[in-house]
Visitor: 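Quick one: the structure is below, and I'll ask about it shortly.
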Amino acid sequence: MHSRFNSYTDETLASMAQKGDSQAEECLIRRYMDEIREKCHIYFIAGADSEDVIQEGMIGLFKAIQSFECGKEAAFRTYANICINRQIISAIRKASRQKHEPLNNSISLDIRDDGDRMLGYADTPEDILMEKNLSDIIWDAGSSVLSSFEKKVLREYLAGQSYSDIAEKLGRNTKSIDNAMQRIRKKVTAQIAN
């Protein structure tokens, strides 16, 4: 890299980089690399290592270089720090959402029995096996996973009955039906996880 870049301001280098000067861009990256590394030590992305956090910081810096407007009041350093922080925080939020992916992709109890098959699933081998296992867990006569009351509640629920309709049919109050459904969800989830 040419030493002449060392005397240029960040704003000038950003303007040059936007016009396609790769050496100016490289100079800016070198100037901010230590700062990005230091900043990344305070952040943690679930399922990622420190180099992944640094990469997110670098992406933020590239975005800052590409979108900085020289005529504005803010200095490039201020703008770059905002872009770097936002990129890292955005990656953290995305990783956090993925952490809850098993909950977001869990099996709903809002399915209808169609003979031996349950509706609402794709016909991949994994899905068919999961459906069979779920069916075995719920309906197996020798199973102690669900109580007889919970099985009755679940049959009515899967038949499309509301909590109040189920309560009336089984001679219980709505709250006991709600409690039974919560227990069913927990038990089925625990069995699937095993």
Side-chain angles (χ1 to χ4, degrees), residues 1-112 118-131 134 163 178 181-182 185-186 188-194:
M1 180 171 44
H2 299 290
S3 60
R4 69 181 173 99
F5 288 110
N6 293 335
S7 62
Y8 291 156
T9 65
D10 291 351
E11 291 78 11
T12 302
L13 290 172
S15 177
M16 292 169 66
Q18 287 174 357
K19 294 175 184 166
D21 190 329
S22 61
Q23 290 182 337
E25 184 178 61
E26 185 179 335
C27 183
L28 268 177
I29 291 169
R30 288 180 191 263
R31 282 186 186 178
Y32 283 85
M33 194 62 204
D34 288 338
E35 194 171 323
I36 289 172
R37 286 187 190 280
E38 189 172 312
K39 188 181 297 280
C40 289
H41 287 295
I42 64 172
Y43 292 108
F44 172 76
I45 299 177
D49 61 23
S50 61
E51 287 301 313
D52 293 327
V53 180
I54 291 169
Q55 288 301 315
E56 291 298 333
M58 292 298 295
I59 292 169
L61 177 59
F62 284 119
K63 287 180 177 179
I65 292 170
Q66 295 303 311
S67 62
F68 180 73
E69 295 179 23
C70 288
K72 301 288 182 174
E73 302 255 339
F76 178 80
R77 177 168 296 282
T78 304
Y79 183 71
N81 280 322
I82 290 170
C83 290
I84 291 166
N85 285 335
R86 283 183 180 165
Q87 183 66 36
I88 293 170
I89 290 170
S90 176
I92 291 169
R93 287 183 178 147
K94 182 178 179 187
S96 178
R97 284 191 301 270
Q98 290 174 345
K99 176 178 80 172
H100 298 292
E101 192 171 337
L103 293 174
N104 295 338
N105 293 328
S106 63
I107 297 174
S108 171
L109 292 177
D110 291 330
I111 51 181
R112 302 293 181 257
M118 293 181 191
L119 302 176
Y121 294 94
D123 286 332
T124 65
E126 295 85 6
D127 291 336
I128 293 169
L129 180 61
M130 178 63 78
E131 291 172 11
L134 182 58
Y163 283 16
D178 181 52
M181 285 302 297
Q182 289 180 33
R185 285 185 181 98
K186 286 179 186 175
V188 170
T189 301
Q191 287 295 313
I192 291 170
N194 289 336

Visitor: What's the shortest heavy-atom distance between Cys27 and Leu13, and which atoms?
Guide: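 Minimum heavy-atom contact is SG-CD1, 3.7 Å.
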Visitor: Would you confirm whether Glu11, through its side chain, and Ala75, through its main-chain N or O, come within 3.5 Å as a donor-acceptor pair?
Guide: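 No.
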Visitor: Apply side-chain contact (heavy atoms from CB on, under 4.5 Å) to the pair Met33 and Met58, showing each step before the final yes or no.
Guide: CA-CA 8 Å; Met33 194 62 204; Met58 292 298 295; 3.4 Å; yes
Visitor: With Glu51, which residues qualify under side-chain hydrogen bond (donor to acceptor under 3.5 Å, both in side chains), at least two apart?
Guide: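 Glu51: no side-chain hydrogen bond (donor to acceptor under 3.5 Å, both in side chains) contacts found.
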Visitor: If you round to the nearest 0.5 Å, how far is CD of Glu38 from CD1 of Ile54?
Guide: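 Taking CD1 in Ile54 and CD in Glu38, the distance rounds to 11.5 Å.
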Visitor: Nearest heavy-atom pair of Cys83 and Gly60: which atoms, and what distance?
Guide: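 Looking at all heavy atoms of both residues, the closest pair is CB-O, 3.4 Å.
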Visitor: Could you tell me the separation between the CG atom of Asp178 and the OH atom of Tyr163, rounded to the nearest 0.5 Å?
Guide: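 Rounded to the nearest 0.5 Å, the CG-OH separation comes to 5.0 Å.
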Visitor: What residues, two or more places apart in sequence or in another chain, satisfy ring pair (Phe, Tyr, Trp, His ring centres under 6.0 Å) together with Phe62?
Guide: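 If we apply the ring pair (Phe, Tyr, Trp, His ring centres under 6.0 Å) test to Phe62, skipping adjacent residues, there are no hits.
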Visitor: With heavy-atom distances below 4.5 Å as the criterion, would you say the side chains of Gln66 and Glu25 are in contact?
Guide: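 A side-chain contact exists here, since the closest heavy-atom pair is under 4.5 Å.
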Visitor: I need the minimum non-hydrogen distance between Ala14 and Phe68, along with the two atoms involved.
Guide: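 Closest heavy-atom pair between Ala14 and Phe68: CB-CD2, 4.1 Å.
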Visitor: Could you grab the distance from atom CD1 of Ile84 to atom CD1 of Ile89, nearest 0.5 Å is fine?
Guide: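 Here the interatomic distance stands at 12.0 Å.
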Visitor: Is it the case that more than 12 heavy atoms not belonging to Gln182 sit under 6.0 Å from its CD atom?
Guide: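 Yes, enclosed.
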Visitor: Side chains of Asp21 and Phe5: does their closest heavy-atom pair fall under 4.5 Å?
Guide: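 Side-chain contact under 4.5 Å: yes.
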Visitor: Tell me, do Tyr79 and Ser67 make a side-chain contact under 4.5 Å, heavy atoms counted?
Guide: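 Yes, at least one pair of side-chain atoms sits under 4.5 Å.
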Visitor: Measure the CG-CZ distance between Leu61 and Arg31 for me, rounded to the nearest 0.5 Å.
Guide: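 Leu61 atom CG to Arg31 atom CZ measures 12.0 Å (nearest 0.5 Å).
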Visitor: If I take atom CZ from residue Arg86 and atom NZ from residue Lys63, how far apart are they, to the nearest 0.5 angstrom?
Guide: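 Going from CZ on Arg86 over to NZ on Lys63, the span is 11.0 Å.
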Visitor: Specify whether Phe76 and Tyr32 have parallel, tilted or perpendicular ring planes, treating 30° as the upper limit for parallel and 60° as the lower limit for perpendicular.
Guide: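 It falls in the perpendicular class, over 60°.
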Visitor: List the residues meeting side-chain hydrogen bond (donor to acceptor under 3.5 Å, both in side chains) with Thr78, not counting sequence neighbours, and say none if there are none.
Guide: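 Not a single residue meets the side-chain hydrogen bond (donor to acceptor under 3.5 Å, both in side chains) criterion with Thr78.
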Visitor: Within this structure, what is the CD1-CG distance for the pair Ile65 and Asp10, rounded to the nearest 0.5 Å?
Guide: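 Output value for this atom pair is 9.5 Å.
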